[in-house]
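These notes are about the structure you will find just below.
All values below come from the heavy atoms of this structure, side chains included, with hydrogens, waters and symmetry mates left out.
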Amino acid sequence: MVKPSTSFWVTMQRKRLALMILLGLSVSTVVLILVRSSFDSCIVGGKISDHRFVEEKIQSAPNPLKFMKSKLVLLVSHELSLSGGPLLLMELAFLLREVDAEVVWITNQKPLEADEVIYSLEHKMLDRGVQVSSAKSQKAIDTALKADLIVLNTAVAGKWLDAVLKENVVKVLPKILWWIHEMRGHYFKPDLVKHLPFVAGAMIDSDATAEYWKNRTQARLGIKMPKTYVVHLGNSKELMEVAEDSVAKRVLREHVRESLGVRNEDLLFGIINSVSRGKGQDLFLRAFQESLEIIKEKKLQVPTMHAVVVGSDMSKQTKFETELRNFVQEKKLQNYVHFVNKTLTVAPYIAAIDVLVQNSQARGECFGRITIEAMAFKLPVLGTAAGGTMEIVVNGKTGLLHSAGKEGVIPLAKNIVKLATQVELRLTMGKNGYERVKEMFLEHHMSHRIASVLREVLQHAKAQSFTMRSDHY
């Protein structure tokens, strides 16, 4: 018998350690698994037919952000939390540090009392060489004036400009890239976005959100958007490695299902978002209950069906969360609907479910990164026909879309039944979604998009700086 090589055992031990880390994390523990801090590059035209060849090209290609080496970049976040906006900005911080850019982070709104999450996230940044400074300090002002690039993250970060920079605002506007993630009307206030027309550019996660901001700023505020760049997000290499590892997926699936009391042969529909009315967990549960009624009425033969809501906050027990739990009790669904506390270790739950439900309401998700993460695991997606979801999910091919609002409950219920009764359709949609991710939503796709934007913004800042010096003299 041939003795396994040392490299084989090292690889197996690393995989075992990774799984132990994932499985050992309590869902109530606030843990941040940060994405890989380098985006490799690869220019891919048309459909990707040989993923192995493409990955080899990516590994050998230079980092598209290498031109940012030694550049001073100030990142301004409205808050530091486990929500999508701050975490995306942290991801950008690590990408820039990978190419030896000098990165300074400030958080505009911080609680007075000590916060465990903020402490943890700040130390993760410090460990990666990101400088963390006070938003109202003189250092923040000096850094803003000296910086080659300033990134304001979310519309709310606009408050920092006048509050801290005051008369210096006009000096920094030409080198600001405003990264916007919001899709709600209450962000269109002059005190937040009055400087928006004068910055170097706006970076937005989807075409739908970009169009919404263009129309809404004009109609409500009478202002014009700056040059706008749409940058779709991409899955991290770490997530893709788990998604493409059948052993890892099986172990994670079995572990999570056992913890929920769901058998391997049962069918599990999951919604993975912070619990709030805008994310539509209430309408999803109504649709799930309606689907059970349809199955019972039509006497359809399907596996036992379960639903899991990942993103609760057990400590707060908000009015909305109480409504969800009361609904489950009222409909006697306690054995079939499961609640999991919010966590960033989403891979185990994606591995455990059979179908992702992306049920964000009103204008939908700005993008919806969980959607492309689920597709990487070859899961079909049932999503609202709104916002960025429509730029990710191909209706009838990678998933099924339904209307937002109460009128979408019955269509969603019927789509749940459709995927529950048609195994081959479910598997085919999952495979199609995976192929779409490989073609459009990987790290190297996102890295090239971001690099292109940063290069243009730097050129704009340089040209404006030259103009301002010429006017001065």
Side-chain angles (χ1 to χ4, degrees), residues 28-35 37 72-97 101-147 149-169 172 176-182 184 186-187 189-196 199 203 273-276 278 311 313-316 318 341-344 366:
S28 63
T29 304
V30 180
V31 178
L32 175 62
I33 296 182
L34 294 167
V35 299
S37 61
L72 174 59
V73 182
L74 176 63
L75 304 180
V76 183
S77 184
H78 72 291
E79 66 176 13
L80 186 52
S81 68
L82 299 179
S83 57
L87 296 179
L88 275 173
L89 192 64
M90 284 182 66
E91 184 173 334
L92 177 60
F94 298 146
L95 291 176
L96 294 171
R97 285 297 302 138
E102 184 180 357
V103 182
V104 179
W105 174 289
I106 61 175
T107 304
N108 191 39
Q109 299 174 2
K110 294 174 71 172
L112 296 176
E113 63 277 7
D115 186 285
E116 186 177 340
V117 172
I118 292 177
Y119 177 85
S120 175
L121 297 182
E122 284 187 343
H123 276 75
K124 283 192 176 291
M125 287 192 283
L126 291 170
D127 289 343
R128 300 288 288 273
V130 178
Q131 302 172 47
V132 178
S133 184
S134 169
K136 298 176 176 61
S137 66
Q138 185 60 44
K139 180 182 177 182
I141 298 173
D142 294 341
T143 303
L145 293 173
K146 291 187 298 183
L149 171 70
I150 300 173
V151 180
L152 290 183
N153 199 43
T154 76
V156 184
K159 287 183 176 181
W160 177 79
L161 292 172
D162 286 320
V164 177
L165 296 183
K166 298 181 173 62
E167 69 276 3
N168 290 313
V169 170
V172 304
I176 289 178
L177 174 64
W178 210 319
W179 200 357
I180 295 172
H181 313 285
E182 296 93 341
R184 302 290 180 263
H186 59 270
Y187 293 107
K189 298 177 180 177
D191 62 319
L192 296 181
V193 298
K194 66 181 180 182
H195 296 298
L196 186 57
V199 301
M203 186 163 69
N273 292 107
S274 296
V275 168
S276 68
D313 192 336
M314 308 295 190
S315 62
K316 291 184 178 179
T318 62
N341 207 25
K342 61 174 64 175
T343 175
L344 286 179
C366 178

Can you measure from CG (L192) to CG (L152) and round to the nearest 0.5 angstrom?
11.5 Å
Please identify each residue that fulfils side-chain contact (heavy atoms from CB on, under 4.5 Å) with A144, with sequence neighbours left out.
L74, I150, W160, L165, V172
Residue set satisfying salt bridge (charged side-chain N to carboxylate O under 4.0 Å, His left out) with D162, at least two apart, ordered chain then number -> K194
Pair listing, ring-ring contact (aromatic ring centres under 6.0 Å, His included) test, anchored in residues 124-143, at least two apart:
none
Residue from V73, L75, V103 passing side-chain contact (heavy atoms from CB on, under 4.5 Å) with V130
V103
Can you list every pair that meets salt bridge (Lys or Arg N to Asp or Glu O under 4.0 Å) and has a residue in residues 73-88, with sequence neighbours left out?
none
Pair S274, S276 - check side chain to side chain donor-acceptor pair (under 3.5 Å), show working.
CA-CA 6 Å; S274 296; S276 68; over 6 Å; no
Taken in chain and number order and not counting sequence neighbours, the residues that satisfy side-chain contact (heavy atoms from CB on, under 4.5 Å) with S137 are S133, S134, K139, A140
Nearest 0.5 angstrom please: L177 CG to N153 CG, how far?
9.5 Å
V156 vs E182 side-chain heavy atoms within contact, under 4.5 Å:
yes
Across all chains, not counting sequence neighbours, the salt bridge (charged side-chain N to carboxylate O under 4.0 Å, His left out) partners of K189 are none
May I have the step-by-step check of side chain to side chain contact (heavy atoms under 4.5 Å, CB included) for V151 and L89, ending in yes or no?
CA-CA 9 Å; V151 180; L89 192 64; 3.9 Å; yes
Listing, residues 105-114 side-chain donor-acceptor contacts under 3.5 Å, not counting sequence neighbours, or none:
residue: W105; atom: NE1; partner: T107; partner atom: OG1; Å: 2.8
residue: K110; atom: NZ; partner: E122; partner atom: OE2; Å: 2.8

H181: which residues meet the ring pair (Phe, Tyr, Trp, His ring centres under 6.0 Å) condition with it, sequence neighbours left out?
W179
To the closest 0.5 Å, what do you measure between CG (L161) and CG (D191)?
11.5 Å
Mark yes or no for whether R128, through its side chain, and F94, through its backbone, hold a donor-acceptor pair below 3.5 Å.
no
What I'd like to find out is whether the side chain of M90 reaches to under 4.5 Å of the side chain of M125, using heavy atoms alone.
yes
How far does NZ of K159 sit from OG1 of T154, to the nearest 0.5 angstrom?
10.0 Å
Can you tell if the side chain of V193 reaches within under 4.5 Å of the side chain of I180, non-hydrogen atoms only?
no
Contacts of Q138 meeting side chain to side chain donor-acceptor pair (under 3.5 Å) (sequence neighbours excluded), chain-then-number -> D142
Do I141 and V164 have side chains that approach each other closer than 4.5 Å (heavy atoms only, starting at C-beta)?
yes
